[in-house]
Amino acid sequence: MKLCRFNDNRLGLVEGDHLLDVTAALDALPAYRYPLPNTDQLIENIDMLRPKILEAAKGAKSIPLAGVTLLSPVANPGKVVAAPVNYQAHFDEAEADEGIRFGKEIVKIQTIGLFLKATSSVQGASAGVVINHADRRNDHEIELVAVIGKPARNVSVENALDYVAGYCIGLDMTVRGPEERSMRKSIDTYTVLGPWLTTADEIGDPHSLQLVLTVNGQPRQNNNTGNLLIKVRELIAWASTYYTLQPGDIFMTGTPDGVGPVIPGDTIDARIDKLGAISVKVRAA
Ligand code: MN
């Protein structure tokens, strides 16, 4: 199942180049009142909603995807967990490029661990990236994103993928510089998720997906999730020994080689096998 959020917080079931408006299925979600749980209610209830979504799809209006505004497939992620330098080819280019490493030693992921991005940086593919520090280098990073579907605490590597609700494309936008990653990568609009959530049952093993990114049609990144240094199941198990992963938490699994700068006016096109494609405009503040 491919679920998108579009226009005015509507829910769509994606079929080819159209979507079916299945917003009515959201009526089945429990009524909430303050204080809200720190989970995403749609993701948390996705198994319960599945038959209601299919029911709502019967006779639903079919809308061309080309004409809608795509929002983040996860509306309320509790946290955005991210893996630094998780492809050897990106480790090598970061070590060699002073514009990436900025005088710092590139430390192996096994040593430096994971980091968190602010949830306020999350948005969908249609809104565009707004460059925050135009005088500095702002890079694209295409990443496979796993969306956590149920609470995960101290889970085993072999069971870790059972906690994934689905996958999407992520852009981990980054201003290069001396600051901590969590600051440089948490700028508003610097976490792009899209085009929609593809549920885990359609993906199976996520370690054979090609990631391709171009800027203004020019090739930049092209690699395969088979080359992840720490695999998705290992990332989830590892993170879960530090904190409970909650439904709707976003897991950015790291970017391969080919990162590079973008400036206002550029268009980033990114696609990952089985997950679709996004086209993201880069704008000035
Ligand atoms: Mn990254």
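When a residue number appears, it is its place in the shown sequence, counting from 1. Remember, it's 1-based here, ligands and their atoms both numbered in the order they're listed.
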Can I get a per-line list of side-chain donor-acceptor pairs under 3.5 Å for residues 154-169, giving both atom names and the distance, sequence neighbours left out?
from	atom 1	to	atom 2	distance (Å)
S156	OG	N159	N	3.2
S156	OG	N159	ND2	3.2

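Annotation for M48: atom CE counts as buried by contact number, over 12 foreign heavy atoms lying within 6.0 Å. The number of heavy atoms from other shown groups lying within 6.0 Å of NZ (K108) does not exceed 12.
Listed by chain and number, the residues in a side-chain hydrogen bond (donor to acceptor under 3.5 Å, both in side chains) with D273 amount to none (sequence neighbours excluded). In terms of the side-chain hydrogen bond (donor to acceptor under 3.5 Å, both in side chains) criterion, N7 has no residue partners (sequence neighbours excluded).
Residues I263 and I131 form no side-chain contact, since every pair of their non-hydrogen atoms from C-beta on lies 4.5 Å or further apart.
Protein N/O/S atoms closer to the Mn ion (ligand 1) than 2.8 Å number 3 in this structure.
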